[in-house]
Protein chains: 2
Amino acid sequence: MTIVDLHPLDPATAEEIQAATDTIKKLFAPVQLHFKAAGLDEPPKKELVAYLEAEHKGFPRPKLPRRVFLIWYIKKAPRLFEAVVDVTNGKIDKHEELPRDFHGPVDRTELNEAAEVVMANPDVENEFKRLGLEKSSVVLDPWDYGVDGIDTQARMTQVFLYMKNPKNNDKDSSHYSFPLDFMVLVDLCTMKVTKIVRLPLGPDESTTEGKAVSLQDTDPAEPEYAHHLQKNPPRTTMKPYNVVQPEGASFTVKGHLIEWEKWRFRVGFNWREGITLHDLHFMDRSTFYRLSLSEMFVPYGDPRGPIYRKGAFDLGNVGAGVTANNLQLGCDCLGTIKYISGHVVAADGTPAPRPNAICIHEIDSGIQWKHTNHRTGKAVVVRKRQLVLQQIITVANYEYIFAWIFDQSGEISFETRATGILSTQPIDKDSKVPWGTRVADGVMAPYHQHLFNVRIDPAIDGHKNSFVYSDSVQMPWDEKLNPLGTGYVTKESTVNRAGPVEDSLYDGRVFKIVNPSVENPVSQTPTGYKLVPIRSQLLLAQPGSWHWRRSEFAESPMWVTKYKDRQLFPAGDYTNQSLGGHGIKSWVKDRDYVVDDDIVIWHTFGFTHNPRVEDFPIMPAEIAQFHLKPYNFCQYNPTNDVPPSSQAFNKSTLYEDTKTNGANGKSETENKPNGENGENGTSCCSKD
Amino acid sequence: MTIVDLHPLDPATAEEIQAATDTIKKLFAPVQLHFKAAGLDEPPKKELVAYLEAEHKGFPRPKLPRRVFLIWYIKKAPRLFEAVVDVTNGKIDKHEELPRDFHGPVDRTELNEAAEVVMANPDVENEFKRLGLEKSSVVLDPWDYGVDGIDTQARMTQVFLYMKNPKNNDKDSSHYSFPLDFMVLVDLCTMKVTKIVRLPLGPDESTTEGKAVSLQDTDPAEPEYAHHLQKNPPRTTMKPYNVVQPEGASFTVKGHLIEWEKWRFRVGFNWREGITLHDLHFMDRSTFYRLSLSEMFVPYGDPRGPIYRKGAFDLGNVGAGVTANNLQLGCDCLGTIKYISGHVVAADGTPAPRPNAICIHEIDSGIQWKHTNHRTGKAVVVRKRQLVLQQIITVANYEYIFAWIFDQSGEISFETRATGILSTQPIDKDSKVPWGTRVADGVMAPYHQHLFNVRIDPAIDGHKNSFVYSDSVQMPWDEKLNPLGTGYVTKESTVNRAGPVEDSLYDGRVFKIVNPSVENPVSQTPTGYKLVPIRSQLLLAQPGSWHWRRSEFAESPMWVTKYKDRQLFPAGDYTNQSLGGHGIKSWVKDRDYVVDDDIVIWHTFGFTHNPRVEDFPIMPAEIAQFHLKPYNFCQYNPTNDVPPSSQAFNKSTLYEDTKTNGANGKSETENKPNGENGENGTSCCSKD
């Protein structure tokens with residue numbers, strides 16, 4: 001496919017990435033470069049809006065150049081650059097070197113190299129000797145470094161060490177079950193070990209220097225998650241559950257354009273955000289311009305060094321596109337699946353494929369609506385069909401599953417699931433800590449938080465919207481107006497100025513994005529969408545701490561800003577070893593006026609994760625969902641015309657008719673599948 | 001099945017209900033009785049615990065008599081009685097007449113009779129004439145009366161009136177789209193109309209007496225939900241989605257005993273609570289003794305008479321068993337379905353069947369856990385299979401779907417979905433109100449709240465538990481202990497005394513039910529379950545209002561009580577036209593000590609429902625779920641041994657392979673279903 005056939009929102013192709021890195025390499029030759037990131041540089045909103053309007057109206061579309069954004073280092077030097085390359089016209093639109101306090105994302109290439117350096121280091125070898133370990137049993141987890149305020153210009157990695165299960169020494173052993181009591185700091189420029197740090201093993205701030213955790217004492221009840229390594233075989237009680245779509249899926253995918261059940265939108269993909277959603281229309285009306293997970297932060301609560309540096313920005317530090325899993329048919333999703341692949345960049349500038357990074361499929365989510373008229377017994381049921389776009393990222397020990405879920409009701413939900421493996425530390429067998437959980441003898445999982453921010457660029461019936469919140473408040477007693485004290489009303493406030501917006505559970509606060517210029521003729525109120533937030537505990541780290549300074553978005557559940565091109569990442573464009581000050585808090589300093597304007601909403605949510613034993617050796621997913629729901633947007637229920645649920649369509653089966661259930665004995669229940677007209681409803685299937 | 005074969009927790013059978021009412025009828029003969037309720041009277045906990053212990057240990061079981069609880073009136077008299085009849089031994093264990101301020105539940109028989117009385121009343125006929133209506137187009141919705149403090153001893157119904165869609169006059173027309181401007185009060189003892197009340201039609205407390213809403217002005221964009229009556233035909237874009245379980249279900253049902261994926265429990269059913277769950281064991285260990293939805297309250301926010309009386313206790317006033325839908329194969333649930341039926345009582349004392357009141361089936365809820373070892377590319381995925389027990393109730397205009405959801409992870413969730421039809425009132429075409437939404441010309445849907453309470457009787461590893469809450473709190477800055485200000489710890493508090501328990505979102509409060517005498521050997525903390533609440537706005541009605549006095553439980557998100565037999569319903573045993581004072585607030589007056597004891601937890605949650613246009617003419621379900629999750633109960637992840645997810649088991653299909661997708665054009669994506677080992681994972685299916 002030639003570049004001229006691409007939509008301005010299509011992800012950067014392999015060819016474009018190659019062309020862009022070639023352009024930069026040519027510029028720097030013969031100096032060797034280490035590429036960190038490459039992806040579509042989306043057109044300025046003004047240009048893109050004009051393009052999209054033409055597209056929707058069927059007019060000739062403006063020709064927009066395709067651009068690729070790049071980040072690179074001069075190899076083995078602390079010199080970081082970014083550029084925007086116009087690959088349509090073969091020119092460089094933007095090119096700058098970043099100040100020395102800015103650090104690029106980490107990447108697997110350099111972290112692997114750092115791991116090798118660690119393994120070859122003689123002081124590290126001595127530590128292995130101390131612990132009585134063979135090198136071949138050791139596994140390394142190099143991490144982004146975090147910040148402690150000491151020498152913020154060195155680009156570092158902090159390498160945590162583990163060993164394979166001594167009982168099997170298997171390459172897929174869950175090494176997190178066997179943490180070692182020291183870690184290693186490596187300078188990523190010089191590729192040299194700078195320090196070896198013993199981890200604290202006791203109940204408080206004292207390390208127990210010289211006192212190794214006896215590795216024989218580390219004996220988890222079940223240290224493995226890979227089934228062939230577990231002590232017990234898998235259970236055999238679970239019977240297959242297949243989703244069959246005999247007429248195929250209800251969605252269509254043409255390139256990156258998706259249409260499903262009155263929804264029409266484009267899906268993008270880039271190295272940092274993974275999935276991005278664009279130009280979302282419902283029932284041929286504009287709802288949202290752009291939706292994405294914009295950042296996440298996972299700060300740890302063990303106050304002791306070196307753990308006090310553990311706080312990962314998994315999007316900015318490494319990238320949700322870079323770490324996207326290759327989703328496999330039948331493993332990660334059920335039913336009729338469409339995969340979309342993408343590309344990121346390898347260290348040498350060649351495009352690195354991310355096959356099957358996004359999966360698309362439908363799910364049935366139970367009943368959408370039902371009513372039975374008790375007078376006639378007629379029941380009408382309609383089911384809740386949804387469309388899921390999902391990606392899974394692996395960031396060292398953890399996995400995150402991010403899903404955008406569309407509903408026939410005009411609702412969009414964003415779901416995050418945290419799974420994978422807890423980050424573990426060694427601990428004396430006899431100690432406990434108030435900031436972590438014993439998950440096995442000798443193994444402690446420290447408390448931490450998962451804080452996410454989703455960027456919502458609305459376009460409810462147009463690009464000029466307002467952000468409003470509506471509280472439900474008691475009416476005062478009043479002999480005439482509120483004689484029995486039962487009344488309550490809604491009080492609406494429009495957010496005037498950019499900044500954080502407070503929540504209020506007590507007032508049942510509902511957040512709404514409205515178009516003040518478009519009135520719903522039925523409710524006679526502005527058309528809009530409501531945002532049902534995930535009410536979460538916010539950042540626990542002290543104001544003034546590096547965690548606090550660097551995360552910015554984690555201080556408030558909601559923010560509003562006036563739209564500006566390139567304001568995408570609320571903890572700043574460069575989060576790795578960042579010092580803060582370049583994120584959303586600086587954007588709102590001028591308190592821009594945000595009424596009836598092009599605004600952006602930022603929702604922060606998450607969970608405080610104080611691990612439990614059930615999270616070990618691998619964690620059943622912790623799930624959180626927030627919703628965007630039409631609120632006086634439509635003129636009536638948009639799912640009214642979803643066909644009625646019926647047996648002919650759904651083909652369910654009676655338990656009694658399935659072969660395994662013959663031996664279960666007589667049931668005393670009456671089972672009349674095509675039941676008589678009871679008082680409460682005749683067959684809803686009868687006429688349909 | 002003879003009575004001697006029943007388990008003490010099996011629901012009252014048809015024969016038992018008949019036997020019980022016959023016993024009472026014999027006692028009162030020849031006085032005619034009007035039965036209101038009949039159901040299993042569960043054995044006293046002391047006896048039942050002894051029985052269950054014997055059952056679990058395989059010892060001979062004590063013989064417990066079967067008892068039926070009854071409520072009845074002397075027909076057409078304000079004399080209300082309750083009794084407990086021992087149907088095993090044919091004797092009456094308890095028999096009392098209730099004071100005159102207590103009123104029994106309403107029932108369809110008497111409400112239908114009241115409706116007929118209304119239709120035959122000459123003053124009502126005059127109102128129809130005033131509105132230019134034929135009687136045959138009118139539909140009545142008799143409601144429980146509520147309380148206004150005036151004559152609390154008369155047993156009343158308040159009847160709201162609507163008409164069928166004038167364009168079709170169909171028996172299944174959604175009459176709620178066409179509310180009439182008056183309502184009628186009927187005395188249920190004398191069966192006489194006592195008053196006709198004109199509804200307020202304007203923007204405030206003034207009624208507009210004599211000014212009828214012009215029924216020609218009432219013209220909703222789409223007033224109907226029944227598909228054959230809608231203006232537009234159903235969409236044809238939605239393709240079938242079948243759940244096929246080729247080897248049957250993973251659950252077994254023997255009578256009312258259910259076993260599934262390490263869960264074992266009994267399901268009960270009664271006229272009031274609908275589904276009840278008993279004796280829940282996970283991995284052969286006791287978790288909960290009894291779980292049920294204990295009450296719900298739906299107060300309205302329009303402060304004006306007569307709406308100020310609208311506040312329905314749908315369980316106590318009418319009953320979730322009484323109103324249970326007859327669930328139909330293929331309509332309400334998907335997959336392999338087991339139905340359980342039950343019985344309530346008819347007014348004449350005969351058993352009234354509730355066929356297919358409960359459906360049981362599995363669902364797939366996405367990924368339970370996953371990890372990819374980036375070094376080897378090996379991905380291990382396990383799916384989240386759940387078991388759902390569901391019932392649907394229809395209470396006049398509204399439907400509620402209640403589901404108990406079991407998870408292989410040991411988690412239990414309770415989900416409520418509100419759907420059905422908004423309660424509507426007429427409104428002047430030109431008016432708006434601050435306590436309601438215009439959902440169509442001439443139709444207003446008043447604000448209201450849905451408040452639920454779930455009763456949780458825990459038995460975590462035994463009957464003596466404590467209720468604890470755990471807050472995550474910042475550590476103060478400290479040069480030695482918290483040098484970078486990143487630390488946080490958990491602070492646990494045990495609830496000492498019965499009463500309401502506050503929530504704290506700010507502190508990320510987690511509620512836990514623990515057994516202080518049983519220590520988890522891994523975490524070295526008491527075994528327990530955590531309750532993840534639904535954080536909700538609580539009752540908005542003023543303290544001192546009838547809504548407030550009657551609901552009691554709606555004041556606090558959480559309550560603890562010391563277990564006492566028969567303390568089941570937190571707004572009192574008799575909620576219809578109740579005056580309050582007999583619910584949970586009186587139970588906690590003595591502030592019983594609740595540490596390491598037989599305790600009960602009560603969780604109040606809900607949503608403030610300020611209708612939107614999309615909720616009309618029928619409402620897409622509003623969903624809320626809370627969770628009970630093992631918290632340091634197990635020794636490691638209880639889903640470790642769930643078999644790995646694989647294509648052989650799941651049988652998903654590629655979008656490109658389905659016949660409808662041939663015409664969609666070439667996709668630029670790379671689709672490699674058995675992908676190469678990318679950096680991020682090889683096929684998780686390969687070995688399994």
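In what follows, chains are A, B, ... by sequence order, proteins preceding strands, each numbered from 1.
The candidate with the highest count of non-hydrogen atom pairs below 4.5 Å against chain A, out of B:Leu484, B:Thr419, B:Val243, is B:Leu484. For the set B:Thr639, B:Asn610, B:Thr608, the count of heavy-atom pairs under 4.5 angstrom toward chain A peaks at B:Asn610. Across B:Ile392, B:Val642, B:Asn482, the residue that shares the most heavy-atom pairs under 4.5 angstrom with chain A is B:Val642.
A:Arg385 touches chain B through its side chain: at least one heavy atom from C-beta onward sits under 4.5 Å away, while N, CA, C and O do not. For A:Met475, the parts lying near chain B are the backbone and the side chain together; criterion is any non-hydrogen pair under 4.5 Å. Looking at A:Val439, only its backbone comes within 4.5 Å of chain B, counting heavy atoms on both sides. Only the side chain of A:Glu399 comes within contact range of chain B, with at least one heavy atom under 4.5 Å from a heavy atom of that chain. With a 4.5 Å cut-off on non-hydrogen atoms, A:Tyr636 touches chain B through its backbone and its side chain both. Both the backbone and the side chain of A:Leu481 come within contact range of chain B, each with at least one heavy atom under 4.5 Å from a heavy atom of that chain. Looking at B:Met619, the atoms closer than 4.5 Å to chain A (heavy atoms on both sides) all sit in the backbone: N, CA, C or O. Heavy atoms of B:Lys651 lying under 4.5 Å from chain A belong to its backbone as well as its side chain. B:Arg235 touches chain A through backbone and side chain together, each having a heavy atom under 4.5 Å away. With a 4.5 angstrom heavy-atom cutoff, A:Gln635 touches chain B via backbone and side-chain atoms both. Looking at A:Thr437, the atoms closer than 4.5 Å to chain B (heavy atoms on both sides) all sit in the side chain, from C-beta outward. If you measure heavy-atom distances from A:Asp302 to chain B, the contacts under 4.5 Å come from the backbone alone. Using a 4.5 Å cut-off between heavy atoms, A:Pro643 contacts chain B through both its backbone and its side chain. For A:Asn232, the part lying under 4.5 angstrom from a heavy atom of chain B is the side chain only.
Ring geometry, A:Tyr225 versus B:Trp369: the interplanar angle exceeds 60°, so the pair is classed perpendicular (tilted spans 30 to 60°).
At a cut-off of 3.5 Å, with distance as the only test, no side-chain donor of A:Ser645 or B:Asp332 sits close to an acceptor on the other residue. A:Thr490 and B:Tyr447 form a side-chain donor-acceptor contact under 3.5 Å, judged by distance and modelled atom types alone.
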